[in-house]
Amino acid sequence: MVTPESDLCQIDRLSPRERRQSAILDAAESLFLEQGYERTSLAEIVKRSGGSLATLYELFGNKQGLLRAIATRWCDEAMLRSLDDDAVQGLSGVEILRRYAHRQSELMESPHAVGLMRMLISESLRDHEFAMQIYLDLHVPALEELIELFAEWAATGRAEIDRPDAAARLFFDIVVGDSMLNTLMGIETEWLDSEQIDWRLQPFLSHFKIR
């Protein structure tokens, strides 16, 4: 696979330490998805990425730290770009939320995301402290981003949202709630299609008078 030119430019700007960190994360993520989190050893990760165990421990602490860093990186790169000013400039509130909902659904239904989420849930059930870290690293930033948007819309008359925090949680439940649970449990493999997402969103858009 050919690396996009923009990604190559980004790699060139990284420091040696950042390149080593990225290489370790890439190797760990690949191995975790290929053979499972529990069955992957740190020695295998070092062998694939190069470097040493000492460097891995210095950067990530342990295997659990690696999993947390992988999840945070994925969230930063994939999920939190949907509401960037450049991406939504000139769009109505309705268009912004529909676009956001479709993007979240597409991201979360990918085999990569499902595999990563299953690992995170499994480790979270084993370690409550890790579960809280993942909640703070992944869910809270995405939720706060949406709460901030809804609060701004309410203040500027673009929507009638009396409780931005509750509206943000309701929005996530509408878009990914049951589909994510069913997929993670292996009950079904198909997520909501575009028409179903728009149908689910309509009462939300109407109730809060999104403009």
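The pair Glu44-Lys47 fails the salt-bridge criterion, with no side-chain N (NZ, NE, NH1 or NH2) lying under 4.0 Å from an Asp/Glu carboxylate O. For the pair Arg211 and Glu160, the salt-bridge criterion is met [side-chain N within less than 4.0 Å of a carboxylate O]. By the 4.0 Å N-to-carboxylate-O rule, Glu152 lies too far from Arg158 to be salt-bridged with it. Contact check on Arg73 versus Asp137 returns no salt bridge, with no Lys/Arg side-chain nitrogen under 4.0 Å from an Asp/Glu carboxylate oxygen.
Ser22 and Glu18 form no side-chain donor-acceptor contact under 3.5 Å, judged by distance and modelled atom types alone.
A pairwise comparison of heavy atoms in Leu120 and Ile134 identifies CD2-CD1, 3.8 Å as the closest pair.
When hydrophobic side chains of Ile, Leu, Val, Met, Phe, Trp and Tyr are connected at separations under 4.5 Å, Leu136 ends up clustered with Tyr135, Val140.
Atom CD of Glu34 is surrounded by more than 12 heavy atoms from other residues, nucleotides or ligands within 6.0 Å. For Glu148, the CD atom is loosely surrounded, since the number of other residues' heavy atoms within 6.0 Å does not exceed 12.
A centroid separation of 6.0 Å or more is found between the aromatic rings of Phe150 and Phe208.
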Determine, step by step, whether Leu59 and Arg17 satisfy the side chain to side chain contact (heavy atoms under 4.5 Å, CB included) criterion, reporting the C-alpha distance in whole Å, the side-chain angles of both residues, the deciding distance to 0.1 Å, and the verdict. CA-CA 9 Å; Leu59 292 173; Arg17 180 183 178 85; 3.2 Å; yes

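Looking only at side-chain heavy atoms (C-beta outward), Ile174 and Leu170 come within less than 4.5 Å of each other.
Residues forming a salt bridge (charged side-chain N to carboxylate O under 4.0 Å, His left out) with Arg20 (at least two apart in sequence, or on another chain): none.
The aromatic rings of Phe32 and Tyr37 lie perpendicular to each other, with more than 60° between the two planes, well past the 30° mark.
Ser105 contributes no side-chain N or O that, together with a main-chain N or O of Ala101, makes up a donor-acceptor pair within less than 3.5 Å.
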